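Keep in mind it's a predicted model, so treat the numbers as computed, not measured.
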Amino acid sequence: MSEEKDKAIYSADHCLSCTSCMSSCPVMEATQEYRGPKLVGPAHSRMHFSQEDYEDSLDFCSNCKSCDRACPSGVAVSTLNMLQRGEYYRTHPHKQRDQMLAHGEDMGKLVRSLPFGAACANLGMKIGKSLGVFGMLGIAGKRDMPSYASQSFYSWFKGYKQQPSEKKVVFFPGCFINDNEPQVGIAFVKVMQKNGYEVLVDQKFNCCGSPMVVTGYLDEAKEHAHNNVARILEWKAKGIPVIACCTSCSLMLKEEYGELFGEDEMHEAGSNVYDAFEYLAIMEEKGELNTSFKEVKESLMYHVPCHLKSQGFGTPAKDILEEVPGVSVELADAGCCGISGNFGFKDDKYEISMKVGAKLFERINISQADEVICDCGTCRMQINHGTQVKPCHPIEILAKAYGE
């Protein structure tokens, strides 16, 4: 196990109660019901509170990690909140909607196991929304659930013939790209092929566990962590990095496992995980990035996800895409989009999520950009819901620049 000083739970002792986390919290700005990150996480962690001393505004933390980035003392505020939430649900029942929102991987597998499963599921969700079934389950009735692609990424990948190469990476698609937006994974594979890499997949990976963590299924998330860490370490032993195109997945695999569960293997595995454009930027630093781009005449508005900001490597997607002839990239710089994974899908959090995202929606609506780009799948859904503009992943623009 890691040294005690390296575990997130012990970072609570460094909290100065300075309110930096509270002033940066988008949920606190949107509602007075949330009493703030420092009270929910650090304060109660130091008191080792019991269920009788439960802070009832804990449910308002969206795990956007704005508080972590703002803390001058390096306290893992959001992780402390998630640990407290997990502790609470060890002795309290979950709502049915939590079960659904936390287990998208299971839902996807069920859909894929049935004939015409994707089409039937999509139709069922439309009917369910129109009849108010979502609202009865505690899911925001105004919001569309993500539709299933007719073909999953894994299914497409099995039939795709790559150019073999000694340079290899393992792609971690995550649940959303595999089941809902396989075009993102397809674009990644084609980009890496253009750069002389062969892309591998490992279907022994589980969901990264982020939806479980934020919904209080902490023990189940730990089981996923152990499985995924073992897989990552196997690939690390072979000298093959693991790459993700979803910023929530990459953050969970790289950092959050270690913060939440504090095991040495988790920190070691995290060193072998990269976000897609983070890895492409490393390639460019080594002079390995293929910059034979075709002209793409597009102005892009880029919403940088909270979970990308928390990884601390800047905005390499902007830097690389601006090298493409005809492309200009402007940062939206309008804060959190508000959805925070499954937070904005909850009926009692919907209005908060929309209020948090209002600045971003306005920024996009007045923009003259040809297209909006964002690295996070649920952020893209929120942008589409709040503006009727359909964003894409930056990797899709890069694939276009390679002629794919």
Chemist: Tell me whether Lys167 at atom NZ has more than 12 heavy atoms from other residues, nucleotides or ligands lying less than 6.0 Å away.
Modeler: yes
Chemist: Run the salt bridge (charged side-chain N to carboxylate O under 4.0 Å, His left out) test against Glu404 and tell me which residues pass, sequence neighbours left out.
Modeler: Lys194
Chemist: Of the non-hydrogen atoms in Val184 and Ile395, which two are nearest, and what is the gap between them?
Modeler: O-CG2, 3.7 Å
Chemist: Only distances under 3.5 Å count here; give the side-chain donor-acceptor pairs of residues 125-132 to other protein atoms, sequence neighbours excluded, each with its distance to 0.1 Å.
Modeler:
| unit_1 | atom_1 | unit_2 | atom_2 | d |
| --- | --- | --- | --- | --- |
| Lys129 | NZ | Asp144 | OD1 | 2.6 |
| Ser130 | OG | Lys126 | O | 3.4 |
| Ser130 | OG | Ile127 | O | 2.7 |

Chemist: Please tell me if the side chains of Val389 and Asn384 come closer than 4.5 Å, counting only heavy atoms from C-beta onward.
Modeler: no
Chemist: Between Arg231 and Asp202 (side chain of the first, backbone of the second, donor and acceptor by atom type, cut-off under 3.5 Å), is there such a pair?
Modeler: no
Chemist: Do NZ/NE/NH1/NH2 and the carboxylate oxygens of Asp59 and Lys349 come within less than 4.0 Å?
Modeler: yes
Chemist: Does a side chain donor of either Thr247 or Asp275 reach within less than 3.5 Å of an acceptor in the other side chain?
Modeler: no
Chemist: Would you say the side chain of Cys175 lies within less than 4.5 Å of the side chain of Cys207, judging by non-hydrogen atoms?
Modeler: yes
Chemist: Check the pair Lys390, Glu371 against salt bridge (Lys or Arg N to Asp or Glu O under 4.0 Å), reporting the backbone distance first and the verdict last.
Modeler: CA-CA 8 Å; Lys390 187 171 178 58; Glu371 199 155 9; over 6 Å; no
Chemist: Using 4.0 Å as the upper bound for N to carboxylate O, is an ion pair formed by Glu323 and Lys318?
Modeler: no
Chemist: Would you please say whether a donor-acceptor pair under 3.5 Å links the side chains of Thr387 and Asn365?
Modeler: no
Chemist: Using the rule ring-ring contact (aromatic ring centres under 6.0 Å, His included), only one of Tyr279, Phe205, Tyr274 pairs with Phe172; which is it?
Modeler: Phe205
Chemist: Do Met212 and Leu218 have side chains that approach each other closer than 4.5 Å (heavy atoms only, starting at C-beta)?
Modeler: no
Chemist: Please list all pairs passing the ring-ring contact (aromatic ring centres under 6.0 Å, His included) test where one or both residues lie in residues 216-246, with sequence neighbours left out.
Modeler: His94-Tyr217, His103-Tyr217
Chemist: With a 4.5 Å cut-off on side-chain heavy atoms, are Pro72 and Ser20 touching?
Modeler: yes
Chemist: Contact between Cys379 and Pro305 at the side-chain level, heavy atoms closer than 4.5 Å - yes or no?
Modeler: yes
Chemist: Are Gln163 and Gln193 close enough that a side-chain donor and a side-chain acceptor fall under 3.5 Å?
Modeler: no
Chemist: Would you check if the side chain of Ser367 reaches a backbone N or O of Ala369 as a donor-acceptor pair within less than 3.5 Å?
Modeler: yes
Chemist: Distance to the ring centre below 6.0 angstrom and angle to the axis at most 45 degrees; does that hold for Arg143 and Phe345?
Modeler: yes
Chemist: Charged N to carboxylate O below 4.0 Å: is that the case for Lys65 and Glu255?
Modeler: no
Chemist: Does atom CD of Gln151 have more than 12 heavy-atom neighbours from other groups under 6.0 Å away?
Modeler: yes
Chemist: Please state whether the rings of Tyr257 and Phe261 are parallel, tilted or perpendicular, taking 30° and 60° as the class boundaries.
Modeler: tilted
Chemist: Would you check if there is a donor-acceptor pair between the side chains of Glu256 and Ser210 at a distance under 3.5 Å?
Modeler: no
Chemist: Between His92 and Tyr88, what is the ring plane arrangement, given parallel below 30°, perpendicular above 60°, and tilted in between?
Modeler: parallel
Chemist: Within the 4.5 Å heavy-atom criterion, are Asn81 and Asn63 side-chain neighbours or not?
Modeler: no
Chemist: Quick one: are Glu288 and Asn195 in side-chain contact, heavy atoms under 4.5 Å?
Modeler: no
Chemist: Under a 4.0 Å threshold between the charged nitrogen and the carboxylate oxygen, would Glu259 count as salt-bridged to Lys254?
Modeler: no
Chemist: Return each pair, listed once, that meets ring-ring contact (aromatic ring centres under 6.0 Å, His included) where at least one residue sits in residues 361-403; pairs must be two or more places apart or across chains.
Modeler: Phe293-Tyr402, Tyr350-His385
Chemist: Charged N to carboxylate O under 4.0 angstrom, Glu396 versus Lys190?
Modeler: no
Chemist: Taking the side chain as every heavy atom from C-beta outward, state whether Met82 and Leu260 have any pair of such atoms under 4.5 Å apart.
Modeler: yes
Chemist: Check the angle between the aromatic planes of Phe171 and Phe188 and answer parallel, tilted or perpendicular using the 30° and 60° thresholds.
Modeler: parallel
Chemist: Taking only residues two or more places apart in sequence or in another chain, which ones pass salt bridge (charged side-chain N to carboxylate O under 4.0 Å, His left out) with Lys359?
Modeler: Glu29
Chemist: Mind checking what makes salt bridge (charged side-chain N to carboxylate O under 4.0 Å, His left out) contact with Arg112, not counting sequence neighbours?
Modeler: Asp179
Chemist: Is a side-chain donor-acceptor pair under 3.5 Å present for Lys309 with Thr315?
Modeler: no
Chemist: Are Asp347 and Lys95 close enough for a salt bridge, meaning some N to O gap below 4.0 Å?
Modeler: no
